[in-house]
*Asks:* 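This is the structure, below, for whatever I ask next.
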Amino acid sequence: MKLATWQIAAVSGANLALFALSFIAPGVFAFVATLLGVAVGAALGFVGGAETRRRDRARELDTYQHQYGEAYQQVSDLQHANARLLIELRRANTKANDAGDEVERFRARVAHLEAEQAAET
């Protein structure tokens, strides 16, 4: 992270003011330095917490998007497999119907041949 010029100037000015204050009034310097330390620590904690929360949310979102993508792909694959199985089932039913028709034709042919054979004898 790059600091802007005004940020560098503000930190430098605060350091210079604290340096001067340390010579003028050491007790006030200690009080101000403690307050600044607490304030900066709280601010950094808040910023760090917000950044951590943002990263956690981004990670969760990536995880959910990945899981959604995988689930969507699985559903798509299952739908394609279902369609293929339905096509195979229709073909098998057609073959079974054709085989049933062929069996009926053979039975009729056998009955016809048996009838001819019976008529000849």
*Asks:* How long is the straight-line distance from CG of N93 back to CG of D98, given to the nearest 0.5 Å?
*Replies:*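 Result: 10.5 Å between the selected atoms.
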*Asks:* Near E70 CD, under 6.0 Å, is it more than 12 heavy atoms from other residues, nucleotides or ligands?
*Replies:* yes
*Asks:* Q79 and side-chain contact (heavy atoms from CB on, under 4.5 Å): which partner among D77, N82, V75?
*Replies:* V75
*Asks:* Counting distance only, does the side-chain N/O of T94 pair as donor-acceptor with the main-chain N or O of R90 below 3.5 Å?
*Replies:*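 Such a contact is found between T94 side chain and R90 backbone.
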*Asks:* If you apply the rule salt bridge (Lys or Arg N to Asp or Glu O under 4.0 Å), what do you find for R53 with D56, and how did you get there?
*Replies:* CA-CA 5 Å; R53 196 168 35 254; D56 288 345; over 6 Å; no
*Asks:* For the atom pair CD (E120) and CG (L113), what is the distance rounded to the nearest 0.5 Å?
*Replies:*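 One finds 10.0 Å between CD of E120 and CG of L113.
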*Asks:* Tell me whether R107 is salt-bridged to E104, with the criterion being a basic N under 4.0 Å from an acidic carboxylate O.
*Replies:*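 Judged by the 4.0 Å cut-off on N to carboxylate O distance, R107 and E104 do form a salt bridge.
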*Asks:* Can we say E51 and R55 salt-bridge, meaning some charged N sits less than 4.0 Å from an Asp/Glu carboxylate O?
*Replies:* yes
*Asks:* Could you give the distance from OG1 (T63) to CD (Q67), rounded to the nearest 0.5 Å?
*Replies:*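 Going from the OG1 atom of T63 to the CD atom of Q67 covers 6.5 Å.
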*Asks:* Working to the nearest 0.5 Å, report the span between CG of D62 and CZ of R57.
*Replies:* 14.5 Å
*Asks:* Distance from N97 atom CG to D101 atom CG, nearest 0.5 Å?
*Replies:* 6.5 Å
